[in-house]
Amino acid sequence: MRRLYIEKPFITHIKANIKKREYENDNTKIILDKTIFMPKTYYYPKDEGTIDGKNIIDSYEKDDTIVYVIDGKPSKSEVELKLTKSLREKIMPYNAAIILIALAIEKFYNRKTFFFELKEDYCMISFDDITEDSVNIKALESFINYIVDLGLSINYEDDYYNISSLGKIKYFGISSTNTKAIDHIKIFKSEIENDTLILSFIVGEDYKKYVERNENTLKEIKKIAMNDEESTDKINKIINLVANERFLDKF
């Protein structure tokens with residue numbers, strides 16, 4: 001199976017041939033000769049889209065290929081693949097950030113092994129045998145955002161991603177091709193768990209939402225502070241405002 005989602009991640013529509021199919025009640029398991037859909041993994045939610053106009057219910061790796069489960073039965077062997085690009089566009093900057101953070105940690109702290117997990121609106125990346133005290137988080141974040149602003153190319157070849165001057169790293173996710181696509185990295189939490197450094201961060205649209213929500217909350221706090229109420233009432237209102245702003249809890 002040719003995996004076009006890695007070499008050409010911006011393709012959203014192709015035709016492919018079904019190599020194998022297996023019916024299961026009203027659903028069909030199929031294997032294609034080529035695909036634009038990345039399968040669901042622990043680090044990547046499955047791509048959204050349709051095959052032959054039918055929704056993809058599930059996808060998984062099996063015997064060096066990908067099995068797709070669709071909600072119906074395809075009418076012919078040649079089928080149309082259409083990708084819903086919104087999730088792809090959200091994930092690619094996060095993958096670029098993962099590559100950049102991992103390369104920076106390797107360069108400055110000589111740690112190559114890492115684990116990561118993409119959440120709904122942020123990402124966690126961890127490194128073994130490295131303590132929080134030995135890493136200057138603010139300096140690390142500043143350096144990474146400096147590289148982001150430089151707009152360096154992120155090149156892919158033979159399962160490796162390469163960023164000039166930083167080096168290369170083996171990675172199987174779908175990444176943006178330029179560090180500018182990350183927009184900004186905000187490391188909002190760092191912690192140590194069982195001698196493992198865990199960094200939680202946001203990028204791209206999630207960072208923009210974070211900034212916007214923070215600005216709106218600060219405006220509301222300023223309004224409360226300027227009104228004619230008693231100080232105790234003002235303090236209680238501000239406490240309630242921050243407590244109810246759940247988006248800020250994480251950050």
Side-chain angles (χ1 to χ4, degrees), residues 1-19 30-61 64-68 70 78-103 116-123 125 144-145 147-164 166 168-185 201-209:
M1 175 183 285
R2 187 178 178 190
R3 305 182 185 223
L4 295 173
Y5 55 78
I6 293 180
E7 55 187 278
K8 298 180 180 179
F10 298 105
I11 291 179
T12 59
H13 177 259
I14 64 164
K15 289 185 178 180
N17 295 303
I18 297 176
K19 295 174 63 178
I30 61 173
I31 295 175
L32 304 166
D33 64 338
K34 56 181 175 290
T35 184
I36 55 174
F37 300 116
M38 187 168 181
K40 182 179 180 180
T41 67
Y42 71 90
Y43 58 83
Y44 188 88
K46 70 178 178 66
D47 274 328
E48 297 171 348
T50 61
I51 296 175
D52 194 40
K54 298 164 180 59
N55 291 325
I56 301 172
I57 300 171
D58 196 10
S59 59
Y60 54 89
E61 294 270 1
D64 295 325
T65 192
I66 304 170
V67 178
Y68 297 101
I70 59 174
E78 186 181 64
V79 290
E80 222 172 16
L81 279 56
K82 291 185 178 180
L83 173 72
T84 303
K85 64 179 182 179
S86 55
L87 178 62
R88 177 74 59 83
E89 290 175 343
K90 177 183 175 69
I91 294 299
M92 288 174 65
Y94 269 105
N95 281 328
I98 289 167
I99 293 165
L100 182 50
I101 292 172
L103 285 172
F116 65 93
E117 185 176 359
L118 286 166
K119 303 290 188 178
E120 183 179 350
D121 55 4
Y122 70 102
C123 182
I125 186 169
I144 290 170
N145 282 310
I147 299 298
V148 168
D149 292 339
L150 284 178
L152 299 181
S153 295
I154 304 173
N155 301 305
Y156 175 82
E157 185 177 359
D158 297 331
D159 295 336
Y160 281 86
Y161 282 97
N162 176 70
I163 299 179
S164 176
L166 281 180
K168 65 180 182 178
I169 193 167
K170 194 169 188 176
Y171 187 70
F172 297 104
I174 307 171
S175 171
S176 302
T177 57
N178 192 286
T179 59
K180 277 280 189 183
I182 298 170
D183 187 61
H184 189 91
I185 292 177
F201 65 92
I202 50 175
V203 305
E205 290 301 317
D206 287 329
Y207 174 74
K208 291 176 182 177
K209 290 177 185 177

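Quick caveat, the model's predicted, so the values are computed rather than measured.
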- For Tyr171 and Tyr156 the tightest heavy-atom approach is O-CE1, 4.3 Å
- Distance, nearest 0.5 Å, that separates CG of Asp149 from CG of Asp183: 8.5 Å
- Message: Taking the side chain as everything from C-beta on, heavy atoms only, tell me whether Leu100 gets closer than 4.5 Å to Val148.
- Response: yes
- Item | Expected output: side-chain Asn178 to main-chain Lys180 donor-acceptor under 3.5 Å | yes
- Message: What's the separation between atom CD1 in Ile202 and atom NZ in Lys208, rounded to the nearest 0.5 Å?
- Response: 12.5 Å
- Query: Got Leu32 and Ile18 here, is their nearest side-chain heavy-atom distance under 4.5 Å?
  - Reply: yes
- Item | Inter-residue atom distance Ile57.CD1 - Ile70.CD1, 0.5 Å rounding | 8.0 Å
- Message: In the structure I gave you, are the side-chain heavy atoms of Ile51 and Ile56 within less than 4.5 Å of one another anywhere?
- Response: yes
- Query: For the residue pair Phe37 and Tyr68, does the interplanar ring angle fall in the parallel (under 30°), tilted (30 to 60°) or perpendicular (over 60°) class?
  - Reply: perpendicular
- Would you find more than 12 non-hydrogen atoms of other residues, nucleotides or ligands less than 6.0 Å from Lys85 atom NZ? no
- Message: Quick one, Ile182 and Tyr94 - any side-chain contact, counting heavy atoms below 4.5 Å?
- Response: no
- Item | Within-4.5 Å side-chain heavy-atom neighbours: Tyr5 and Ile66 | yes
- Do Asn95 and Tyr161 come within less than 4.5 Å of each other through their side chains, counting heavy atoms only? no
- Working to the nearest 0.5 Å, report the span between CD1 of Ile163 and OG1 of Thr179. 7.0 Å
- Ile98 and Cys123 have their tightest heavy-atom pair at CD1-SG, 3.8 Å
- Message: Taking Met1's backbone N and O only, do any of them form a donor-acceptor pair with Thr65's side chain (distance below 3.5 Å, no angle check)?
- Response: no
- Message: Quick test of your reading of the model: are Asp47 and Arg88 salt-bridged, counting only N-O distances below 4.0 Å?
- Response: yes
- Specify the closest pair of heavy atoms between Ala181 and Pro93, including all atoms of both residues, with the distance to one decimal. O-CB, 3.6 Å
- Which heavy atom in Met92 sits nearest to a heavy atom in Ser175, and how many Å separate them? CE-O, 3.3 Å
- Side-chain contact test, heavy atoms from C-beta onward, threshold under 4.5 Å: evaluate it for Asp206 versus Lys90 and give yes or no. yes
- Message: So that I can tick it off, tell me whether Glu61 and Arg3 are bridged by a salt bridge, with the cut-off set at under 4.0 angstrom between side-chain N and carboxylate O.
- Response: yes
- Message: Can you confirm whether more than 12 heavy atoms, excluding those of Lys34, are under 6.0 Å from its NZ atom?
- Response: yes
- Note on the structure: Nearest heavy-atom approach of Leu152 to Ser164 is CD1-O, 3.8 Å
- CD on Glu78 to CG on Asp33, rounded to 0.5 Å: 9.0 Å
- Query: How many angstroms lie between atom NZ of Lys82 and atom CG of Asp52, to the nearest 0.5 angstrom?
  - Reply: 10.5 Å
- Query: Leu81 and Thr35: which non-hydrogen atoms are nearest, and at how many Å?
  - Reply: CD2-CA, 4.0 Å
